[in-house]
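Quick note: numbers below take in every heavy atom, side chains included, and nothing from hydrogens, waters or symmetry partners. Here is how names work: the chains are called A, B, and so on, in the same order as the sequence lines, proteins then strands, and each is numbered from 1.
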Amino acid sequence: MRTRREVLQGLIVSIGGATALTACGGVANVLSTQSGSAPRFYTDAEMALVSRVSDLIIPRTETPGALDVNVPGYMDGLMTDWASTETKNAHRQALLQIKQSLDTQAGEDFLQVNDETAERALAVFDARAFAAAGDGNGYKRVKGYMSQSFFATEGGATEELKWVAVPGRWDPSVEI
Amino acid sequence: MADFDAIVVGSGMSGGMSAKELTERGLKVLVLERGPEIIPERDYVDNLAPWESPNLDSVAQDEIAEHYPKQYGGVAYAIKESNKHFWVKDDEHPYEEAEGTSYDWLRGYHTGGRSIMWSRQVYRLSDLDFNANKTDGHGIDWPIRYEDIEPWYQKVETFIGIAGSAEGLPQLPDSVFQPAFELTDAEKALKAKVETTFPERNIIPARIAHLTDATDEQKELGRSNCQVRNRCHFGCSFKAYFSSLNATLPAAERTGNLTMVHNAIVSSLEYDAQTNRVTGVRIVDAESNEKRFYTAKVVFLNASTIASAMILLQSTSETYPNGLVNRSDQVGRNLMDHVSGAGAVGLMSGFDNQKVFGRRPSGGIYIPRYANLNGQDKPYLRGFGFQGGSSPLGNGGGQIAGIGRNFKEAHKNPGPWRVNIGAFGEQLPNSENRVTLHPSKRDRWGNPLALLNVTYSDNEHTMLQEASKDAVAMLEAAGCTNITANEVSLTKPGNRIHEMGSARMGRDPANSVLNQWCQAHDVPNLFITDGSFMASSACQNPSLTYMAFSARAAHYAADLIADGTL
């Protein structure tokens with residue numbers, strides 16, 4: 001029998017120059033924009049940026065990554081169905097500034113550089129944003145959307161956080 | 001001949017208990033609920049996994065602005081996309097605030113009322129509280145003392161189930177307990193250091209209405225032990241936390257004496273001056289607008305503090321032109337809540353190799369009132385308790401630096417342990433704090449809107465300033481680091497969702513509405529056992545007290561019916 005991981009890997013599809021897996025099943029898939037489908041909120045360029053950045057922040061390791069669980073699609077759904085016009089505009093503006101900053105950091109189009117250069121550029125940008133006060137021109141919030149979306153998916157919740165639906169008991173002191 | 005022995009207006013925390021006790025005494029009871037029916041199997045959403053709710057289970061921002069600006073503004077932590085049906089839409093159930101004031105009237109209109117969405121902390125009042133008005137002269141003396149209500153606390157607690165620990169504190173009498181949720185090691189360390197530094201202060205497990213060792217009676221009602229999911233705001237399919245929908249209403253129903261009518265908005269009570277009795281209840285159907293009239297030997301108002309006062313004010317007659325049983329002009333006055341807005345947060349070191357298993361519901365620790373216990377020794381009257389807890393900070397939300405594997409791995413680390421404590425303070429009774437009927441504005445059913453006019457006194461402001469200092473001092477004593485205490489900002493009146501006092505009990509009909517049995521001084525077959533009867537607010541969460549007084553009043557009324565008085 002194939003492991004969950006193997007099943008996930010077998011479902012890889014290509015989107016916007018980044019690799020993606022369909023999400024792990026469940027209602028959120030239906031409500032999010034499907035991997036490979038046209039985004040409802042993002043432009044193709046925005047979707048490519050969100051996909052690239054989320055993949056770098058939450059890559060596939062021994063557990064699923066952001067693309068494996070369709071974080072870009074989740075965020076596209078979030079912006080389409082949840083966000084107010086004000087939030088949508090702020091998000092769009094944040095993505096624009098993030099792209100410009102990362103292009104500057106990478107020395108060329110961030111979406112065209114290799115993995116090593118992209119990781120280095122984002123790491124520097126991320127560190128600066130968290131070292132400074134404020135929202136990093138919207139980056140921290142975007143990162144928050146990515147992280148929360150990831151952990152709200154079945155893959156992120158169960159495989160990464162080991163979320164249990166019914167703990168059934170309270171243990172206040174568990175040695176790590 | 002009356003349609004029913006008793007009508008109970010409202011099916012929430014106190015209405016459910018009134019209905020249970022009256023039906024168990026053999027009385028035929030009609031419960032009128034203004035909202036629609038909640039069927040747990042259909043309407044609870046506690047079994048949804050995180051990925052089964054769209055958009056982080058967040059209500060769309062435009063929808064909040066249109067329908068939930070007050071509700072969401074008051075309890076954003078509790079209103080999610082999946083459970084928003086438990087909260088009223090502000091545009092459908094509006095109210096008005098007096099100029100220069102602001103009030104959070106946070107509600108759920110459906111079977112069980114707010115007992116479905118409450119935070120489940122339950123604490124007894126003590127004689128410190130029942131003597132408070134008499135001692136400092138604010139408000140009027142309670143016509144009752146602790147020994148009068150103590151057996152009813154016991155009765156109610158045995159039925160509802162409370163997880164807690166016996167502590168022997170005179171200002172916070174012990175309840176009938178099932179096993180408490182054990183404190184975390186960080187909380188135990190906090191307790192040891194604070195209690196050593198401040199011997200008059202205690203840190204105890206929060207007392208919460210969750211089953212941890214269900215009794216046979218509770219199991220017979222389909223209830224089972226808490227599964228430690230912390231999904232309480234979504235209903236509980238295990239019926240582990242107390243709500244009237246999970247416990248008292250099913251108990252009433254199994255007697256065969258309960259009739260329940262939903263979508264029945266009470267517009268007034270009918271009063272017969274010749275017999276000096278309330279003869280029945282006039283309602284308008286929320287869906288059809290049909291008007292109906294139900295009769296009964298006795299009426300229990302359990303519509304909630306503001307709504308019950310409004311029903312009285314709407315019930316005018318030649319005898320009571322200013323509202324039923326309002327000869328004292330106290331109906332709608334003395335509206336109280338608890339006040340928060342002071343506290344502190346800090347980090348506890350030494351526990352980085354620990355985490356917890358399970359999601360403990362409804363807080364971890366309680367710091368009972370320690371101010372002014374033996375005489376007046378603080379620059380404010382009365383006191384406050386702290387609610388809080390300590391748990392790993394975690395890294396959810398993505399608000400930590402780093403990318404890639406390190407970022408993911410950081411989420412497996414529970415992170416430093418954070419302590420937080422927040423004050424719940426007593427609000428002094430003040431006759432100028434009140435609800436009245438708006439002179440012109442009406443809701444879609446033709447009933448007047450509530451006009452709320454509540455402000456805090458200097459005492460609440462001073463108390464919260466002192467609470468803030470105390471919170472910091474305790475965290476410092478515990479060796480916390482990164483202690484922060486935001487500038488004190490009092491919660492809006494109503495925000496603690498502990499409204500009380502709008503038909504206070506007292507000894508003198510000239511300055512109170514109800515007697516010691518929650519019975520109207522002037523109309524003996526009218527009882528009010530929601531928060532309206534409270535003569536002072538104390539600082540403890542009040543639902544348990546509402547239920548104890550409801551049970552006591554129900555048995556008193558049943559006795560009066562049995563002996564032919566009513």
Angle between ring planes, B/H411 versus A/F151, binned at 30° and 60°: parallel, tilted or perpendicular?
tilted

Option that, when pairs with chain B are counted at under 4.5 Å, heavy atom only, ranks first among A/K140, A/E119, A/R169:
A/R169

Strictly by modelled atom types, are A/S173 and B/D185 linked by a side-chain donor-acceptor pair under 3.5 Å?
yes

Ranking A/A165, A/S84, A/A123, A/S149 by heavy-atom pairs under 4.5 Å to chain B gives rank one to A/S84

Using a cut-off of under 4.5 Å on heavy-atom pairs, state which of A/L56, A/V164, A/L78 scores highest against chain B.
A/L78

Might you point out which heavy atoms bring B/R359 and A/P167 nearest each other, and give the distance in Å?
NH2-CD, 3.9 Å

Looking at every non-hydrogen atom in both residues, tell me the closest pair between A/F130 and B/G398 and how far apart they are.
CZ-O, 3.8 Å

Can you tell me how far the NZ atom of B/K355 sits from the CD1 atom of A/I176, to the nearest 0.5 Å?
6.0 Å

Shortest non-hydrogen pair, B/A60 vs A/D81, comes out as CB-O, 3.5 Å

On a heavy-atom basis, which atom in B/L183 and which in A/P172 lie closest, and how many Å separate them?
O-CB, 3.5 Å

Could you measure the distance from the CG atom of B/N55 to the CE atom of A/M75? Nearest 0.5 Å is fine.
12.0 Å

Check: B/Q354 and A/V174 side chains under 4.5 Å, non-hydrogen atoms:
no

What residue, out of B/S391, B/A49, B/S58, B/A65, has the most heavy-atom pairs lying under 4.5 Å from chain A?
B/S58

Test item: B/K408 side-chain N/O and A/P64 main-chain N/O as donor-acceptor pair under 3.5 Å
yes

Enter the distance from A/D171:CG to B/R360:CZ here, rounded to the nearest 0.5 Å.
11.5 Å

Flag yes if more than 12 heavy atoms outside B/D91 fall under 6.0 Å of its CG atom; otherwise flag no.
yes

Under the ring-ring contact (aromatic ring centres under 6.0 Å, His included) test against B/W51, which residue among A/W163, A/F150, A/Y74 passes?
A/W163

Max heavy-atom pairs within cutoff under 4.5 Å with chain B, candidates A/T80, A/L122, A/V53, goes to A/L122

Heavy-atom distance under 4.5 Å to chain B: side chain of A/L161, backbone, both or neither?
side chain

Does any backbone or side-chain atom of B/N406 lie under 4.5 Å from a heavy atom of chain A? Answer side chain, backbone, both or neither.
neither

Please flag which part of A/A127 lies under 4.5 Å from any non-hydrogen atom of chain B: side chain, backbone, both or neither.
neither

Give me the atom names and distance for the closest heavy-atom approach of A/T85 to B/D62.
N-OD1, 4.5 Å

Roughly how far, to the nearest 0.5 Å, is CD1 of A/I58 from CD1 of B/I403?
11.0 Å

Heavy-atom closest pair (B/E182 atom, A/W170 atom, distance to 0.1 Å) is O-NE1, 2.9 Å

Separation between CH2 of A/W82 and CG of B/D57, rounded to the nearest 0.5 Å
13.0 Å

